[in-house]
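Data first, discussion second: the structure below is written as structure tokens.
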Amino acid sequence: MTLPGLLPELEVVRKDFPILERTVHDGLALVYLDSANTSQKPQIVIDTMVDHLERHNANVARAMHALGAESTEAFESARDVVAEFIGAPERDEVIFTKNASEALNLVANTLAWARGPLEIGEGDVVVTTEMEHHSNIVPWQLLTERKGATLRWFGLTDDGLLDTSNIDELITERTRVVTLTWVSNMLGTINPVAEIARRAHSVGALVVLDASQAAPQLPIDLAAMAPEERPDFLVFTGHKTVGPTGIGVLWGRREVLEQLPPFLGGGEMIETVRMERSTYAGIPHKFEAGTPPIVEAVGLGAALTYLGHLGMDAIHAHEQAITAYALEGLQAVKGLKVLGPLDAAQRGGAISFELEGVHPHDIAQVVDSRGVAIRAGHHCAKPAHARFGVQSSSRMSSYLYTTPAEIDALVEALEYTRSYFKLDG
Amino acid sequence: MSTGNTTGQNLDSLYQEIILDHYKNPHHTGLRDPFEAEVHHVNPTCGDEVTLRVHLSDSADGVRRVEDVSYDAVGCSISQASASVMTDLVIGRSVDEAMAIHADFLTLMQGKGSVEPDEDVLEDGIAFAGVAKFPARVKCALLSWMAWKDATAQSLAGADDATEEK
């Protein structure tokens, strides 16, 4: 079947992803609906990484030979691709990290060490939200505990939207950082980031945006944003954007990055080293101590180039079409309750749900026996689950290669789950 | 290509009828007094939780018995059924006997499906033999057992402290 908004030639696109051809459990077709956890990789990413290892491998920025130059060129070209993908005002504002968690910890830690205008002290406030991934909560708990500052957060409405009704109490002259996710990994909610950034900037706070779930499915153009609505930092991870694991991205505004102290010390991040003290390289290298994940960065470059060829607008339209179809199909299952907004236009492609009478672990196990891969648990968002009074949930998450038939397979597997646990017909 | 039968058998080896029965009608649930120790254990990967209390008898004859195990648990069918079966097995036993059963169950769960369970010792617990073949679910089955061992150790330690104080 086809739906308006699906990627053109979806079957051809799927052939780019070799893993989608495989079977599980002795011959069942794989139905991979766990892309918010990690996405699958197209052949071009795999081939680019293999080619780099086979033909261009050398350390970067420190080898005075042909391979060193090729490897450095490939690594720095990947930075250019990332910069273009997010519309970064400057390519040197793009810092490679190992994942989004490290990027968030880099910001929180260097802020904890900062002196001068960026120093955070007693009585200062950091604001986050109740729908964050643990990686955008715990680093800020650590920061505020260390500095005697206070962590506060936006709550959620019953519909799973950010509750901004008390924004004036949260964002005040004492607020130094506002950090939030663009798209919730559990509820799918897309947050009003422009409005919140504007409010935060009006009191001089820094804005940190976790784009881990946004980067795979929304077009991002930082340079096109109004300066007061543009975050000061944006992070995402490579493996959710059809790239490899082990590579993440921190984009930061040059002026702020230059004021922050280094994160890790070591090779590459220095200007000169004497035994008494050292001076540091400029951005981005100041924040990239040690040999970086070179082939992973090169793979990420190939991944984002691939997404660019498909077009992020087209991918977003595809996600919306599949999400709308899935919301309809899921809600037709008796006893199933979706957590989060029910309007596909207001949400991303991760859909968490409960099925009355069956624990999420058991749901995931039974649907897996039909070849359908979903996630069960708290999805690293325990506070958001607690907000809705649930211990854990099941989550399906689609991506650019997901077909309506795969959603049908999930719905059928859920009906089978109901019958397996002998819930009333 | 459909291998519904194989799939069904695999699932059925995990979800034995005994497990589903205990899941639907768990034994010894709720938190009761008296108790000497209460513990709270969590499976961090899925968020399953159990709060569990242990009440041991006085050691008048030199043997301490598991008088009661009461619990409040949130979790999947495997973790809930395992808690129910565990209480059936340990309540009324001496601590030493119960610890031996615990050891047998642990061996079964860590055996990756290669351990033949002894029904005389593990009773309904043999239904969990299939769980051992699903590595991701072993922790579910062990959650309450580990909580019981922890609480029992704390009860014994508390009793020792009390004796020393006297």
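The shown structure was predicted, so the numbers you read here are calculated from the model rather than taken from an experiment. Excluded from the calculations below are hydrogen atoms, water molecules and symmetry mates; all remaining heavy atoms, backbone and side chain alike, are included. Throughout, protein chains are lettered first and strands after them, A, B, ... in sequence-line order, and every chain is numbered starting at 1.
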- prompt: Just how far is it from atom CD1 of A:Ile374 to atom CE of A:Met396, taken to the nearest 0.5 Å?
  reply: 9.5 Å
task: Side chain from CB out, backbone as N, CA, C, O: work out which of these in B:Tyr15 comes under 4.5 Å of a heavy atom of chain A, or both, or neither.
output: both
message: If we ignore hydrogens and angles and just use 3.5 Å, is the side chain of A:Glu406 paired with the main-chain N or O of A:Thr403 as donor and acceptor?
response: yes
query: Among B:Ser79, B:Ala136, B:Ser77, who wins on heavy-atom pairs under 4.5 Å with chain A?
result: B:Ser77
query: Where on B:Gln80 is there a heavy atom nearer than 4.5 Å to chain A: the side chain, the backbone, both, or neither?
result: neither
- prompt: Taking atom types as modelled, is there a side-chain donor on B:Thr87 or B:His27 under 3.5 Å from an acceptor on the other?
  reply: no
task: Could you tell me whether the side chain of B:Arg64 and the main chain of B:Ser57 form a donor-acceptor pair under 3.5 Å?
output: yes
